[in-house]
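Okay, so here's the structure we're looking at.
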Amino acid sequence: GSGGGVLGGIIGGLPNAAPPPAPGFAESSILAQAAGRDLGELFEYQIAAPVTIRKNESAMLPFLQQKITGRKLLIYSDQSTQNPLQAAELTNSTGKTLDGGPITVFDGGAYGGEALVETVKSGDKRLISYAVDLGTRVTTAYDSKNAIVREVHVNRGVLTSRLAAEETKTYTVRNVDAKAKTLIVEHAVRQQYTLLSPKPAETSPTSYRFELPLPAASTQKLAVSEERVYVNTISLTNFTPEMLATYAQNKVLSDAARRQLQQILDAKRQIAALDAQARDLQTKIDNLNHDQDRLRQNITTLNNVSGQQQQVQGYATKMAAQEAQIATLQDERNQLQQQRAAAQAALDALMDKMEF
């Protein structure tokens, strides 16, 4: 036999202290006849006296009978259901290794359920669940906050920001029974998330375990807050003046960093103003060219009509004046293009040497 049968007989005394055995489930008077010891990663039980089992016979050998520490709990880990599981927290205080296997649970002298347990080394602890608790219901709700910029760095024209987004999952637990309980909420550990609050009673490789007392006929809440920090990288060239203005106002920046970003912002705004002027000049040039096309068509039409030479001359004079305007506007546009190229070169040099 394995340690499973021994564990099953012990659980009946839970929740907190070991009460007297219930009627009909008294401790066995058969003494254990084996001594246990570890053998490297294995263990063995040595039977003190030789045992003879004849052909076509079997025997049940009592090799361990000891009390172990335990308490009765509820466990909530499967969020596909509203009801937690009745469970027991067992601590192997026997000084021996207990083999894994099936467990029969007796709660208050009555059959409570069955479970499987893995091998438990001396001093180790296990949570076993064996039945659904219909007297407790759990619901969950999510809440999240906008990402907050924690750090901003610039190096060789690339801005790197570290942002933190907080998420809160609230467990609402309703105990409808007229007795107090203790609930263990297993909250999954997620990669890239850091637990903010509350402090867990235990942490396993896959979950945080929070212990929540449930008074009789009460509703309790457990709010678990986590934070995810992620990095965002973008070239300063791709920033609009509005985006830069937002970063320049961030409280996490030092005064020196804010001044450097303000220089970039001022240069970006200067280039944007030059671009706006260039677009305005190009619009004027396009309008004049369009008007000249109309005048040319009118001149061509009037040349075929007698007595319209004066009107044709007026159109020609207007076209000459527009040509002068176009030439002036083109010169202004060329100057703007040169100014923009110089401003862009200065901005590129500024972004390349900026670092904080």
Side-chain angles (χ1 to χ4, degrees), residues 142-170 188-200 203 208 223-287 326-356:
Y142 283 95
D143 185 26
S144 61
K145 296 181 180 179
N146 292 331
I148 301 175
V149 178
R150 291 287 179 83
E151 294 180 17
V152 178
H153 301 283
V154 172
N155 185 27
R156 300 187 64 85
V158 177
L159 185 145
T160 302
S161 57
R162 295 181 71 250
L163 299 94
E166 183 177 335
E167 294 183 8
T168 300
K169 185 175 183 179
T170 302
V189 174
R190 296 185 292 173
Q191 293 184 354
Q192 301 180 345
Y193 281 82
T194 301
L195 179 66
L196 299 179
S197 65
K199 183 178 179 180
T203 301
Y208 302 108
V224 180
S225 296
E226 295 174 288
E227 180 182 75
R228 180 186 178 187
V229 177
Y230 55 95
V231 178
N232 186 27
T233 301
I234 186 171
S235 173
L236 286 174
T237 304
N238 298 327
F239 272 87
T240 64
E242 292 75 15
M243 295 169 61
L244 276 173
T246 300
Y247 273 94
Q249 296 172 3
N250 198 285
K251 296 180 179 180
V252 301
L253 288 177
S254 64
D255 291 339
R258 188 172 289 105
R259 285 193 297 268
Q260 292 185 67
L261 276 187
Q262 188 63 45
Q263 292 176 350
I264 299 292
L265 177 59
D266 293 341
K268 285 268 189 180
R269 286 173 172 169
Q270 179 187 5
I271 291 175
L274 293 172
D275 288 338
Q277 295 178 44
R279 288 193 299 269
D280 184 59
L281 288 175
Q282 187 62 50
T283 299
K284 293 179 179 180
I285 293 172
D286 292 341
N287 290 337
I326 291 174
T328 300
L329 292 173
Q330 287 177 338
D331 289 341
E332 293 180 8
R333 183 187 61 184
N334 293 336
Q335 292 177 3
L336 283 175
Q337 289 175 344
Q338 294 176 4
Q339 293 177 26
R340 192 203 186 282
Q344 184 64 52
L347 175 60
D348 292 342
L350 185 62
M351 290 190 299
D352 189 60
K353 70 178 183 180
M354 179 178 293
E355 183 175 355
F356 60 81

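Residue indices begin at 1 and follow the sequence shown. Quick note: numbers below take in every heavy atom, side chains included, and nothing from hydrogens, waters or symmetry partners.
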*Decide yes or no on side chain to side chain contact (heavy atoms under 4.5 Å, CB included) for T194 and V229, but give the supporting numbers first.*
CA-CA 8 Å; T194 301; V229 177; 5.9 Å; no

_Rounded to the nearest 0.5 Å, what separates atom OG in S161 from atom NE2 in H153?_
9.5 Å

*How many angstroms lie between atom CG of N155 and atom CG of L236, to the nearest 0.5 angstrom?*
10.5 Å

*Between V224 and Y208, is a side chain to side chain contact (heavy atoms under 4.5 Å, CB included) present by the stated rule, with each step listed?*
CA-CA 10 Å; V224 180; Y208 302 108; 5.8 Å; no

*Looking only at non-hydrogen atoms, find the nearest pair between L336 and A278 and report the distance.*
CD1-N, 3.7 Å

*asked:* Ignoring hydrogens, what is the shortest heavy-atom contact between R258 and L253? Give both atom names and the distance.
replied: NH2-O, 3.3 Å

*asked:* Quick check: do L281 and T283 have side-chain heavy atoms less than 4.5 Å from each other?
replied: no

_Between the side chains of E226 and R190, is the shortest nitrogen-to-carboxylate-oxygen separation below 4.0 Å, so that they form an ion pair?_
yes

*Does any non-hydrogen side-chain atom of E227 lie less than 4.5 Å from one of K145?*
no

*Gap separating the CZ atom of R269 from the OG1 atom of T240, nearest 0.5 angstrom*: 10.0 Å

_Taking the side chain as everything from C-beta on, heavy atoms only, tell me whether L195 gets closer than 4.5 Å to P200._
yes

*Passes side-chain hydrogen bond (donor to acceptor under 3.5 Å, both in side chains), Q330 versus N334? Steps please.*
CA-CA 6 Å; Q330 287 177 338; N334 293 336; over 6 Å; no

*Return yes if a side-chain donor-acceptor contact under 3.5 Å exists between D266 and Q270, otherwise no.*
no

*Take F356 and L261 through the side chain to side chain contact (heavy atoms under 4.5 Å, CB included) test and state the conclusion after the steps.*
CA-CA 10 Å; F356 60 81; L261 276 187; 4.0 Å; yes

_Candidate pair K268 and L347, rule side chain to side chain contact (heavy atoms under 4.5 Å, CB included), full reasoning_ = CA-CA 8 Å; K268 285 268 189 180; L347 175 60; 4.2 Å; yes

*So how far is it from D275 CG to D280 CG, rounded to the nearest 0.5 Å?*
12.5 Å

_4.5 Å side-chain heavy-atom contact, V154 and Q260_ = no

_For N146, I'd like to know if atom CG has over 12 heavy atoms of other residues, nucleotides or ligands within 6.0 Å._
no

_E332 and K284 ion-paired at < 4.0 Å_ = no

*Please name the pair of heavy atoms, one in I264 and one in M354, separated by the smallest distance, quoted to 0.1 Å.*
CG1-CE, 3.1 Å

*Please examine the side chains of D352 and R156, heavy atoms only from C-beta on, and report whether any two atoms are closer than 4.5 Å.*
yes

*Is any side-chain heavy atom of T168 less than 4.5 Å from a side-chain heavy atom of E166?*
yes

*Would you check if I148 and L163 make a side-chain contact, meaning some heavy-atom pair closer than 4.5 Å?*
no

_Shortest non-hydrogen separation from P198 to A223 and the atoms involved_ = CD-O, 3.3 Å

*asked:* Would you compute the distance between atom CD1 of I234 and atom CZ of F239 and round it to the nearest 0.5 angstrom?
replied: 4.5 Å

*Measure the CD-OG distance between E167 and S225 for me, rounded to the nearest 0.5 Å.*
10.0 Å

*Measure the shortest side-chain to side-chain distance between V158 and T233 over non-hydrogen atoms and say whether it is less than 4.5 angstrom.*
yes

_Minimum heavy-atom distance L274-A343, with the two atoms named_ = CD1-CB, 4.3 Å

*Where do Q282 and D286 land on the side-chain hydrogen bond (donor to acceptor under 3.5 Å, both in side chains) test, with the steps shown first?*
CA-CA 6 Å; Q282 187 62 50; D286 292 341; 2.9 Å; yes

